2 protein chains.
Amino acid sequence: MKKFSCGFEVTKEVIGGKWKGLVLYFLMNGPRRTSELKRIIPNITQKMLIQTLRELEASGLVTRKMYNQVPPKVEYSSTELGKSLKPILQELCQWGSHYAEQEYAEGEYEIVQSEQLKLG
Amino acid sequence: MKKFSCGFEVTKEVIGGKWKGLVLYFLMNGPRRTSELKRIIPNITQKMLIQTLRELEASGLVTRKMYNQVPPKVEYSSTELGKSLKPILQELCQWGSHYAEQEYAEGEYEIVQSEQLKLG
DNA sequence: CCGCATCCCCTCGGATACTG
DNA sequence: CAGTATCCGAGGGGATGCGG
């Protein structure tokens with residue numbers, strides 16, 4: 001059992017790491033196929049995508065549905081528990097976007113948002 | 001200039017890492033002395049505390065005030081920008097606390113909250 | 001009391017190649 | 001298309017000791 005002194009640390013354990021929050025974010029609007037996620041999320045590697053999804057699954061935030069067909073098809077969805085993070089993820093996203101536009105932060109960070117990245 | 005595809009990543013850049021969110025969290029209710037933070041935050045080392053504070057300072061979330069006296073006294077405070085994260089940090093904390101109590105998560109995570117950790 | 005400098009471990013995550 | 005197996009480098013972060 002891992003011990004923490006604050007719920008904040010637990011949340012970080014669950015959606016921390018380089019990709020977990022982002023992947024969960026893109027499952028908020030419905031199921032996505034593996035290849036779809038791979039295409040949507042810039043720069044994520046196959047390995048990290050799968051690993052990240054496994055971790056989210058283990059945490060109960062994501063479910064995996066496999067279709068027995070050729071070629072293979074797998075869909076990932078956010079659970080209700082995962083969806084309960086939607087407002088928080090959106091706020092984190094908005095805060096970051098706003099921050100990047102601050103005078104002193106400008107020139108530091110740039111957000112290059114592709115069409116597919118937008119959360120409806 | 002660092003490029004991101006989503007504001008979420010920017011926020012993670014600013015309050016990510018092992019300690020940044022937590023330290024900022026404990027500055028929400030007013031200025032704290034270095035030694036105070038060191039005492040309040042379990043397990044953080046001197047090095048990481050200072051390093052974390054420097055990074056938060058560089059991001060404009062924290063200010064440092066030094067009193068020229070012997071023995072030395074330094075106080076850190078959250079800026080307005082830092083305080084704008086308060087609701088989000090609280091939500092992250094609450095979500096984590098709630099998550100840790102879920103049936104399947106129980107036995108995985110435990111939150112041991114000292115008196116001093118409570119955010120008023 | 002406050003902070004810096006070293007040294008160094010070790011984990012995270014990237015590249016690549018391979019299977020069903 | 002979906003996933004696994006290795007290999008490996010960078011760097012985050014811990015321990016310790018020194019200085020104002």
Side-chain angles (χ1 to χ4, degrees), chain A residues 2-6 8-9 11-27 31-59 62-77 116, chain B residues 2-6 8-9 11-27 31-59 62-77 116:
Chain A
K2 297 179 181 177
K3 301 196 179 187
F4 300 100
S5 59
C6 176
F8 175 77
E9 297 174 278
T11 307
K12 194 153 60 55
E13 189 82 2
V14 173
I15 59 167
K18 188 160 181 179
W19 301 105
K20 283 158 89 172
L22 213 54
V23 168
L24 184 61
Y25 191 93
F26 294 129
L27 289 176
R32 297 278 194 182
R33 298 189 57 172
T34 313
S35 53
E36 212 175 347
L37 288 170
K38 179 88 184 58
R39 194 160 28 78
I40 290 176
I41 303 178
N43 302 326
I44 196 169
T45 62
Q46 175 92 351
K47 172 189 166 183
M48 288 316 295
L49 177 58
I50 301 298
Q51 181 177 312
T52 299
L53 287 165
R54 291 286 174 281
E55 289 169 6
L56 291 172
E57 216 185 332
S59 299
V62 160
T63 53
R64 178 178 185 272
K65 179 167 184 183
M66 197 178 156
Y67 298 80
N68 278 322
Q69 60 180 53
V70 179
K73 172 176 169 180
V74 176
E75 271 185 354
Y76 294 93
S77 321
Q116 294 161 316
Chain B
K2 298 179 181 177
K3 301 197 179 185
F4 300 101
S5 59
C6 177
F8 175 77
E9 297 174 277
T11 307
K12 194 153 60 57
E13 189 81 2
V14 173
I15 59 166
K18 186 160 182 180
W19 302 105
K20 283 157 90 172
L22 211 54
V23 169
L24 184 60
Y25 191 93
F26 294 129
L27 290 175
R32 296 277 194 182
R33 298 189 57 172
T34 313
S35 53
E36 213 175 346
L37 287 170
K38 179 87 185 59
R39 192 161 28 77
I40 290 176
I41 304 178
N43 302 327
I44 196 169
T45 61
Q46 176 93 351
K47 172 189 165 183
M48 289 315 296
L49 177 58
I50 301 299
Q51 182 177 313
T52 299
L53 287 164
R54 291 288 172 280
E55 288 169 6
L56 290 172
E57 217 185 331
S59 299
V62 160
T63 54
R64 177 177 186 273
K65 179 167 185 182
M66 197 178 156
Y67 298 80
N68 278 323
Q69 59 181 54
V70 179
K73 171 177 170 181
V74 176
E75 270 185 355
Y76 294 92
S77 319
Q116 293 162 316

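All chains are named by letter (A, B, ...) in the order of the sequence lines, taking the proteins before the strands, and each is independently numbered beginning at 1. Owing to the predicted nature of the structure, the values given are computational and were not obtained by experimental measurement.
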>> Can you confirm whether B:Lys38 sits close enough to B:Gln46 that some side-chain heavy atom of one is under 4.5 Å from a side-chain heavy atom of the other?
In response: yes

>> Please report the end-to-end axis angle for the helix from C:dC1-D:dG20 to C:dG20-D:dC1, five pairs per end, rounded to 10 degrees.
In response: 40°

> What is the minimum heavy-atom distance between A:Arg33 and A:Pro72, and which atoms define it?
Replying inline: NH2-O, 3.4 Å

> Looking only at heavy atoms, which two atoms of B:Leu24 and B:Leu56 are closest? And how far apart?
Replying inline: N-CD1, 4.1 Å

> Where the side chain of B:Gln51 meets the backbone of B:Met48, is there a donor-acceptor pair that is under 3.5 Å apart?
Replying inline: no

>> Distance check needed: C:dG20 P versus A:Asn68 CG, whole Å only.
In response: 16 Å

> How close or far is atom P of D:dG13 from atom CG of B:Leu22, stated in whole angstroms?
Replying inline: 13 Å

> Does A:Thr34 reach the side chain of A:Tyr76, with side-chain heavy atoms less than 4.5 Å apart?
Replying inline: yes

> Are B:Lys20 and B:Glu55 within salt-bridge range, i.e. N to O under 4.0 Å?
Replying inline: yes

>> Output one letter per nucleotide in nucleotides 2-17 of chain C: B when a protein non-hydrogen atom lies under 4.0 Å from the base, S when only the sugar-phosphate is that close, - when neither is.
In response: SBS-B------BBB--

> For A:Lys2, which residues count as a side chain to side chain donor-acceptor pair (under 3.5 Å) partner, sequence neighbours excluded?
Replying inline: A:Glu13

> Under the criterion side chain to side chain contact (heavy atoms under 4.5 Å, CB included), which of A:Leu22, A:Leu27, A:Ile44 is the partner of A:Leu37?
Replying inline: A:Leu27

